[in-house]
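Just the heavy atoms: all of them, side chains too, but no hydrogens, waters or symmetry mates, feed the values below. Each residue takes its place number in the sequence, starting with 1.
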Amino acid sequence: MAPAGKESIVKDFDIEEELKKLPHHPGVYLMHSDSEEILYVGKAIDLHNRVRQYFRSGHGHNNSPKITRMVEQIAWFEYILTGSEMEALVLECNLIKEYRPRYNTLMTDDKGYPYIRVTVEEPYPRVLYSHHMRRDKSKYFGPYTDGKAVHDITALVNKLFRLRTCTRDLPRTIGKERPCLYYQIGQCSGPCTGDITPEAYQEQIRRAMTFLKGDTRELTAELKEKMKQLASEMEFEKAAEIRDLLESIKVISDKQRMQDTNSDNRDIVAMARGETDSVITVFFVREGQLLGRENHHMSAGTSESDTEILQEFIKQYYSSCPYIPREILTRDPLPDSDLIQNYLSEKKGQKVLLMQPQRGDKAGLLKLAEENAALILAQDLERIKRKEKRTTGAVKDIADMIGIPTAARMEAFDISNISGYHSVASMVVFENGTPRRTAYRKFRLRTVEGPDDYASMKEALSRRYTNEQLGPLPDVLMMDGGKGQVHIAEMVLDSLGLDIPVCGMVKDDHHRTRGLYYKDKEVEFPKGSEALHMITALQDETHRFAITYHKLLRSKEQTHSILDDIQGVGPKRRRALLLHFRNIDALKAASVEELAALPEMNRRSAETVYLFFHPENTVSEEAADEGPSSPKN
């Protein structure tokens, strides 16, 4: 399996080693690129034999130019164990539908498992068709197997409850845009016009959600009464429309009831536990088919039992999960099983069962979920070891190379300027081999004019090491450069009475990190060492951070307006001046009277603007007698 964590997967994943660990077991495999794209999803009756074929010459897979191109891009792979090849086939189909990998042969009319989404997080919610169930604040109903039925339900709900279907930003745009056709024909209550209050609209949403939960009694009674009234008033065409609506409600509610009472919708929740970390695997079974799985991590102390960890996961996971199945299977009963079951049943609006199967297909699925969780956990432990070698191990190697006790906290500086324009310095911090971005600092240099990197570095280091609020002193200071930069840093530290080791990060003729300059000697890294990789990353990060800050300052300078330099004229007045006079030339030509005529201006502010462009003139006595100007806009 691939490691569950996504950080540095490409570095952590040794394809040859992982190929040796592939089990002789049915399952599904996913091929990933170094940018996390899923390139290909496939199934196998024997994962060990099938996946290895992609990386061995002389096999049929390599005869296809398409597959050859795909294999060249594979950075890592993962796999999911299944109980049979048929289950692998079903899971493969659903993963292809979800991810649509570019190297799979895809159906152009591919159909997923749709949901109905109610955007309850919006002031004026909408009822929408959704292809996926996301972890957001919306309320979801489903999944449904009949996409047409979902379209019918959403259209009917929007029509019955006169809900908006537009994407307007309400309530900000209320009354500012022309209402749409649905409002004109009476199928929208018109929140964009202000015709309906937020409270009344929310009540319509509440009734719509009651209907979506399958409770059609209130709405059906209302429509029947309205149909009788229309018939008694000889409005037979309108009564027939209500009759057709009632028939649609009956058909749709039957489909909803069939879907909601299907006992083959279940989640299988299994766990594998390590010393300080546990992996929870959830298999999703819908209508008897294994649709997919998720892996989650739980940190726990040694005093907590397996069932306590599992219970905490179920409480946290299903409290925010948009869909709760009828059955949740676990290996052992939860400590508060009845309480959790009642909570989930109330949340779903139907009975939810927490079950512990002992035999049969359900027990088999639970065993598979446990095997997947164990594989994920084992890979995580290996990943942690590799990460320690790449971080704390590399830090120790660096300290040993230059002969200092530790290099746990490293600070690196860089200067960025273009011909002295906006000279800036950046400070990047690595702690225990990983970036600590909250400790990064930017310095806009104040005392240096022109492209003087030495003077710039002196100012930056002095400001850093005379300010205790910028963090603890580093174990070693890394300079982006060689002998000259190192001596500047040493001189500044000596003047401040600080004894901090200083190294220069030296690059070769190809601009690649080569070694460290320390105590007037260059120490070269072993080729391919983790210490070399770390210093390269530190040097690149330092340069990137400085350049990013420099670009930001240049961008701000480019958006600077001459009106920003007028003292006493705030943003509101600047905007009013630009909108009225359109350009600076027209503004310069305006008289004091023309300036003061704007509603946002007064006499004193008009005088201020006029004198800014005409400094040779004097302030009139009339303006001087006016007194203090009104508060700045």
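Every residue was checked against the side chain to side chain donor-acceptor pair (under 3.5 Å) condition with Asp332, not counting sequence neighbours, and none meets it. Every side-chain contact (heavy atoms from CB on, under 4.5 Å) that Thr167 has, sequence neighbours left out, goes to Arg126. In this structure Arg172 satisfies the salt bridge (Lys or Arg N to Asp or Glu O under 4.0 Å) test together with Asp169, sequence neighbours excluded. Legend: residues meeting side-chain contact (heavy atoms from CB on, under 4.5 Å) with Glu37, ordered by chain and number and at least two apart, are Ser33, Ser35, Leu39, Arg102. Evaluation of the salt bridge (Lys or Arg N to Asp or Glu O under 4.0 Å) rule for Glu121 yields Arg117 as partners, not counting sequence neighbours. Judged as a side chain to side chain donor-acceptor pair (under 3.5 Å), and not counting sequence neighbours, the contacts of Asp336 are Gln311. Partners of Arg206 by salt bridge (Lys or Arg N to Asp or Glu O under 4.0 Å), not counting sequence neighbours, listed by chain and number: Glu203. For the ring-ring contact (aromatic ring centres under 6.0 Å, His included) test, no residue two or more places apart in sequence or in another chain qualifies with Tyr182. Under the side-chain contact (heavy atoms from CB on, under 4.5 Å) criterion, Ala586 pairs with Phe581, Asn583, not counting sequence neighbours. Residues that satisfy the side chain to side chain donor-acceptor pair (under 3.5 Å) test with Glu225, not counting sequence neighbours, are absent from this structure. Remark: Tyr201 pairs with Tyr124 by the ring-ring contact (aromatic ring centres under 6.0 Å, His included) rule, at least two apart or across chains. Under the salt bridge (Lys or Arg N to Asp or Glu O under 4.0 Å) criterion, Lys226 pairs with no residue, sequence neighbours left out.
When atom types are taken as modelled, the side chain of Arg162 and the backbone of Cys188 share a donor-acceptor pair closer than 3.5 angstrom.
From Leu95, atom CG reaches atom CD1 of Ile38 across 7.5 Å, with rounding to the nearest 0.5 Å. The CG atom of Asn342 sits 15.0 Å away from atom NZ of Lys347, with the distance rounded to the nearest 0.5 Å. Separation of atoms CZ (Phe77) and CG (Leu30) is listed at 11.5 Å; rounding is to 0.5 Å.
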* **Check against salt bridge (Lys or Arg N to Asp or Glu O under 4.0 Å), Glu370 and Lys367** => CA-CA 5 Å; Glu370 289 174 341; Lys367 186 172 184 293; over 6 Å; no

* Step by step, would you call Arg164 with Glu122 a salt bridge (Lys or Arg N to Asp or Glu O under 4.0 Å)? -> CA-CA 12 Å; Arg164 74 181 185 108; Glu122 296 179 333; 3.3 Å; yes

* Is there a salt bridge (Lys or Arg N to Asp or Glu O under 4.0 Å) between Glu327 and Lys362 once you walk through the steps? -> CA-CA 11 Å; Glu327 297 177 359; Lys362 294 179 181 179; 3.2 Å; yes

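Surrounding CD of Glu346 are at most 12 heavy atoms belonging to other residues, nucleotides or ligands under 6.0 Å away. Counted within 6.0 Å of CG on Asp361, heavy atoms from surrounding residues, nucleotides or ligands total 12 or fewer; the atom is thus considered open.
Relative orientation of the His24 and His48 rings is tilted, given thresholds of 30° and 60° on the angle between their planes.
Smallest separation of non-hydrogen atoms from Asn372 and Tyr79: OD1-O, 4.2 Å. Considering every non-hydrogen atom in both Pro125 and Gln202, the closest pair reads CD-NE2, 3.6 Å.
Less than 6.0 angstrom separates the ring centroid of Tyr54 from the ring centroid of Tyr29.
Side-chain polar atoms of Gln356 and Thr330 form a donor-acceptor pair below 3.5 angstrom. Glu294 and Tyr317 share a side-chain donor-acceptor pair at under 3.5 Å.
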